[in-house]
Protein chains: 2
Amino acid sequence: MSKVTIYDISKKLNISAATVSRALNNNPKISLKTRELVMKTAEEMNYEQNTLALALKSGKSNTVGILVPYMNRSFFSSVIRGIEEELYPHGYHVIICQTRDDAKSEVQNINTLLNAQVDGIFMSVSKNTKDTGHIDRVLQKGIPLVFFDRKKNIPGVSSVTIDDFNGAYMSVEHLIKQGCKRIAHFLGDINLEIYKDRYNGYLRAMTDYNLPIDKNYIIRTNSKVESGTAAVKKLMQLPSPPDAIFSSSDFTALGAVQELKKTGIRVPDDICISGFSNESFTQYTEPTMTTVDQTPIKMGKMSARVFLEQIDEEISVTIEKKVVLSPQLVIRDSSDRLKKK
Amino acid sequence: MSKVTIYDISKKLNISAATVSRALNNNPKISLKTRELVMKTAEEMNYEQNTLALALKSGKSNTVGILVPYMNRSFFSSVIRGIEEELYPHGYHVIICQTRDDAKSEVQNINTLLNAQVDGIFMSVSKNTKDTGHIDRVLQKGIPLVFFDRKKNIPGVSSVTIDDFNGAYMSVEHLIKQGCKRIAHFLGDINLEIYKDRYNGYLRAMTDYNLPIDKNYIIRTNSKVESGTAAVKKLMQLPSPPDAIFSSSDFTALGAVQELKKTGIRVPDDICISGFSNESFTQYTEPTMTTVDQTPIKMGKMSARVFLEQIDEEISVTIEKKVVLSPQLVIRDSSDRLKKK
DNA sequence: TTGTAGGCGTTATCAA
DNA sequence: TTGATAACGCCTACAA
């Protein structure tokens, strides 16, 4: 039972607890002798600082909260990893909450995090979050909040995202350069900005290259494999089916590939496909899949840095920082026609 | 700035803070009137309990620590998810540390967790952990510790694992029933029990079915794809190459499949392959891969339950609980010869 | 350079 | 049923 407190040390040494505290904290106004003595006996007695008491006293818990839809999605777990690795050297712990992509649960989790007195909150908002009252409460309390990936546009709140627009643009541009002209798009949930941005990137690239945009080529999907197979079926029944698909999700892209192969249509020879997210399976499919890497670990590290800067500010001015990371186009076989020739 | 304390409420109501505290905690010896009054004003004033103060007072932080090698590996993040989901309703938070599969970092992380006064620790030990001094310290402090997946055999410590032996046995048995007789094995790091168990399951199944065990068929691998390609190359150069491979890892199994396909050997017609872990990519490879599901979310939930039982025990008797979950053989195309015919 | 005292927000004990 | 007080372990004015 190690319950050694500074008081125990002070008794043993016949000095005051205050002196012990100062010695332990390298307070300059303390004699070298006493400091060393204290340090030594603290060591001997196996003293360990009670962080809870410290937290209560200082109002700082040295803990940050992270809110994600599900923590076992590779993208999110990688972001969390990035945050953890950046924050660990600074003495912070990360506590993780899952919203299950549900706004109600998000609110509840925010509450418990506030209650746990976290020093900061990182979050990727849920799909169906409309109201932002819970977020406002965080801000009112002066607790640094950083959005990552899925954000809400709230003045004064920092965010770290990737340039989804550009990721999409690069993808589509790549497809065009492979010689594709009739490019379809699998559109994700437009409640989320990321999907809107990808859509817009697609539109812009098409326009920039003077390619017609066919409404029939734009199919709404969720991020499931089956959604991709269904979508591609619809596309191939069109009088003039597309010669490429830019999907906003790797899963739907995979569904499309599977379905196409089943019907004997060759990828990429007959139709080029590209996905989004660089899910780990994309490197193992056949053909391997072209996709956009979102650099999640980097995103996590960046978010952590934004947070650290925020709390370092002497004045608690709410500085809003919008970091936009560049995504990485990963070209693989599912779209690489030219290499094959 | 909501910094409403019970003291603020007490002042407003001209009663003592103690009464407020009791009312808030549904203490029976309090008049209904005052309770309701307190509740109402607490609500009005936006009172929130300071968990830090509570933690200091009670010595309970309502937080548990989880130690994993890397939190973005799908297996581990899924276990964590399971733990989180089971513990959340009980008011616990999970704080996560990464050991990077390094014993030193493991020790350090244990220290910070103890320092943060967690109420319990869940861990999957690092590959190179030999000394268990840090674990003993946890036990000495009377903090519940639960191993999951990768455990050390320490008396008094509970663990939740899957029956790796049986998972392997089922796999090999399945291969045998497909008509395979010369079954090779990709052996993992034998510092870890899980790989030893899988190896033993393999051996037993072979023996039970009177199949000869050829030393040349047992290849050491790490869990990388390339390790699998290298291993299979070695195997195929043997005078009598195997007609099946039971791999202790999905990644090495994948490497094997890739290499075999490259050399024109058909899977499963010429050689059957099975992996281990049910990594998400295994359902998308070609052929889809037979593997063993470790039910990680279930493992997390189970671990959480073991922890909850442990802290519920009135007497702090160290009861050791060894939960062994049954793995699930997932039969897919890479080994399914019979279905094809 | 060191000690004293007060407080962070709660709850538990003892009186009233 | 309620109130006063001490205590959890630490830090920090202020005083010495």
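These figures come from a predicted structure and were not determined experimentally.
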Q) If every non-hydrogen atom of B/Leu52 is compared with every non-hydrogen atom of B/Asn50, which pair is closest and at what distance? A) N-OD1, 2.8 Å
Q.
Quick check on side-chain contact (heavy atoms from CB on, under 4.5 Å): which of B/Val138, B/Leu67, B/Val64 does B/Leu113 satisfy it with?
A. B/Leu67
Q: Examine distances only and state if a side-chain atom of B/Ser58 and a backbone atom of B/Leu54 form a donor-acceptor pair shorter than 3.5 Å.
A: yes
(Q) Could you work out how much the helix from C/dT1-D/dA16 to C/dA16-D/dT1 bends, comparing the axis of its first five pairs with that of its last five, to 10°? (A) 50°
Q.
Quick check on D/dG3: is either OP1 or OP2 less than 4.0 Å from any side-chain nitrogen or oxygen of B/Thr19?
A. yes
Q. Starting at CD1 of B/Ile9 and ending at C1' of C/dG9, how long is that distance when rounded to a whole Å?
A. 12 Å
Q. Is A/Thr5 reaching over with its side chain to a backbone N or O of A/Asp8, donor-acceptor style, under 3.5 angstrom?
A. yes
Q | B/Ser31 side-chain N/O to D/dT2 phosphate OP1/OP2 under 4.0 Å | A | yes
Q | B/Asn109 side chain reached by B/His134 side chain, heavy atoms, under 4.5 Å | A | no
Q: Rounded to the nearest angstrom, tell me the gap between atom NZ in A/Lys29 and atom P in C/dT2.
A: 12 Å
Q) Could you state the CD1-C1' distance from B/Ile30 to C/dA12, rounded to the nearest angstrom? A) 13 Å
(Q) Within a 6.0 Å radius of atom NZ on B/Lys152, are there more than 12 heavy atoms belonging to other residues, nucleotides or ligands? (A) yes
Q: Could you tell me the separation between the CG atom of A/Leu37 and the C1' atom of C/dT2, rounded to a whole number of Å?
A: 14 Å
(Q) Could you tell me how far apart B/Asn27 (CG) and C/dT10 (P) are, to the nearest whole angstrom? (A) 16 Å
Q | Least distance between heavy atoms, A/Val20 atom then A/Val38 atom | A | CG1-CG1, 3.9 Å
(Q) Output the rounded distance in Å from CG (B/Asn26) to C1' (C/dT11). (A) 15 Å
(Q) Just to verify, which of A/Val125, A/Ile194, A/Thr161, A/Val160 counts as forming a side-chain contact (heavy atoms from CB on, under 4.5 Å) with A/Asp149? (A) A/Ile194
**Q.** Nearest non-hydrogen partners of A/Met71 and A/Gln98, listed with the distance
**A.** N-OE1, 3.0 Å
Q | Letter per nucleotide, 5' to 3', of nucleotides 4-11 of chain D [B base touched, S only sugar-phosphate touched, - untouched; heavy atoms, 4.0 Å] | A | B--BBBBB
